[in-house]
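Here is the structure we will look at, set down as structure tokens.
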Number of protein chains: 2
Amino acid sequence: MTLRQYELGGAELDVVKVLWDNGPATVRDVMTHLHNRGRRLAYTTVQTLLNRMEQKKFVSSNKSDLAYVYKAKVSRERVTKSRLDRLLNQMYDGAAGPLVLQLVKSEKLSQDEIEQLHKLVDELDSSGS
Amino acid sequence: MTLRQYELGGAELDVVKVLWDNGPATVRDVMTHLHNRGRRLAYTTVQTLLNRMEQKKFVSSNKSDLAYVYKAKVSRERVTKSRLDRLLNQMYDGAAGPLVLQLVKSEKLSQDEIEQLHKLVDELDSSGS
DNA sequence: GGTATCCTACTACAGTTGTCGGAGCATGGC
DNA sequence: GCCATGCTCCGACAACTGTAGTAGGATACC
């Protein structure tokens, strides 16, 4: 079997997001935050998820007096890039260009974003040619 | 468990890509194409993958004289969009803007792509404001 | 007509992921 | 000291995924 190991599933992702957004936290903290976000998971489920991610080295834990405190070990950026690269490789032959074009065409960018993009592209285009 | 059902795994994706690229094909055809692409899978593995995708309605099959011929039922665009949307939702709060900016900044677009983008953005910007 | 070849149908199995439950230890109040 | 509460440890189970073997029918070739 393809031992991919070291990628995050959807539920695991939800959990590590809490750590990214709120910093180090205990199982209970995470659970509470998830509840607030509408994701209701049992305490032990959250615990399992955190343990598994610790094994995969995505988070680390420190025993405080009261309970283990978990901390994200990988940045959101890193995980984002990894997933983006996967998508790029799987669906776009690894080329970002077509994806960008498609996104600009089909997805709705805000006026503000379009302007930023405009500026950015102006620079790139003039510096590149 | 979250019965997501109806999404494709990586191996399944590789298989349906063959159908997208080469049109309807038998198990053996698909296997051969995969071999050519460096993906060596047993005949029955390819068969299993095709069967599973048929159950998930991603492909359909027709019995020809010799063997079943499988055909993609979903377009590459549809699958791409579904995966892209998932990424967008999971990592970008569903907003395409930040992803576009990030891609344009960090990934290397070809000069050609930058120009296309430039044109596109010119249009959008003037029409939008 | 026997033998090699190919196809389908089933079954299997391990690893990953989502989800928990229960046992048992620690702690803080009463 | 006893009990409620909370925490950790382990085990479990089902669905999904990757991968393939086997059995048995059909075909085709000599």
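Every chain is numbered from 1 and lettered A, B, ... according to where its sequence line falls, protein lines coming before strand lines. Being a predicted model, the structure only gives us computed values, none of them experimental.
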Contact class for [X] vs. all strands (heavy atom < 4.0 Å): base, sugar-phosphate, or nothing?
X: B:Thr26; value: nothing
X: B:Gln47; value: base
X: B:Leu41; value: sugar-phosphate

Could you check how far [atom1] of [X] sits from [atom2] of [N], rounded to whole Å?
X: B:Leu49; N: D:dT19; atom1: CG; atom2: P; answer: 8 Å
X: B:Arg40; N: D:dA20; atom1: CZ; atom2: P; answer: 10 Å
X: A:Tyr68; N: D:dG6; atom1: OH; atom2: C1'; answer: 15 Å
X: B:Arg39; N: D:dT19; atom1: CZ; atom2: C1'; answer: 10 Å
X: A:Met31; N: C:dC20; atom1: CE; atom2: P; answer: 11 Å
X: A:Asn51; N: C:dT16; atom1: CG; atom2: P; answer: 16 Å
X: B:Leu50; N: D:dT19; atom1: CG; atom2: C1'; answer: 14 Å
X: A:Glu7; N: D:dT17; atom1: CD; atom2: C1'; answer: 15 Å

Go through the steps for B:Ser110 and B:Glu115 under the test side-chain hydrogen bond (donor to acceptor under 3.5 Å, both in side chains), then give the verdict. CA-CA 9 Å; B:Ser110 73; B:Glu115 272 164 41; over 6 Å; no
Which sits closer to the 5' end of DNA chain C, A:Ala42 or A:Leu8, going by the nucleotide each is nearest to?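 Nearest-nucleotide comparison on DNA chain C picks A:Leu8.
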Less than 4.0 angstrom between a side-chain N/O of [X] and OP1 or OP2 of [N], yes or no?
X: A:Tyr43; N: C:dT19; answer: no
X: B:Lys56; N: D:dT17; answer: yes
X: B:Thr45; N: D:dA20; answer: yes
X: A:Lys63; N: D:dC9; answer: no
X: A:Arg52; N: C:dT17; answer: no

Testing A:Thr26, A:Asn51, A:Asp29 for side chain to side chain donor-acceptor pair (under 3.5 Å) with A:Tyr70, which one passes?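 For A:Tyr70, the side chain to side chain donor-acceptor pair (under 3.5 Å) test succeeds with only one of A:Thr26, A:Asn51, A:Asp29, which is A:Asn51.
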Between A:Val69 and A:Thr48, which residue's closest nucleotide on DNA chain D lies nearer the 5′ terminus?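 Result: A:Val69.
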Close side-chain approach of A:Leu84 to B:Leu99, heavy-atom, < 4.5 Å: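 Yes, at least one pair of side-chain atoms sits under 4.5 Å.
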Treating Ile, Leu, Val, Met, Phe, Trp and Tyr as nodes and any side-chain heavy-atom pair under 4.5 angstrom as an edge, say whether A:Trp20 and B:Tyr92 lie in one connected cluster.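 Linked within one cluster.
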Given C:dT8, C:dC6, C:dG18, which nucleotide is nearest the side-chain atoms of B:Arg28?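 Among the listed nucleotides, the one closest to the side chain of B:Arg28 is C:dC6.
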B:Thr44 side chain vs B:Gln47 backbone, donor-acceptor pair below 3.5 Å: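 Answer holds: no.
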Is a donor-acceptor pair below 3.5 Å formed from side chain A:Thr44 to base C:dG21, judging by atom type as modelled?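 Result: at least one qualifying N/O pair found.
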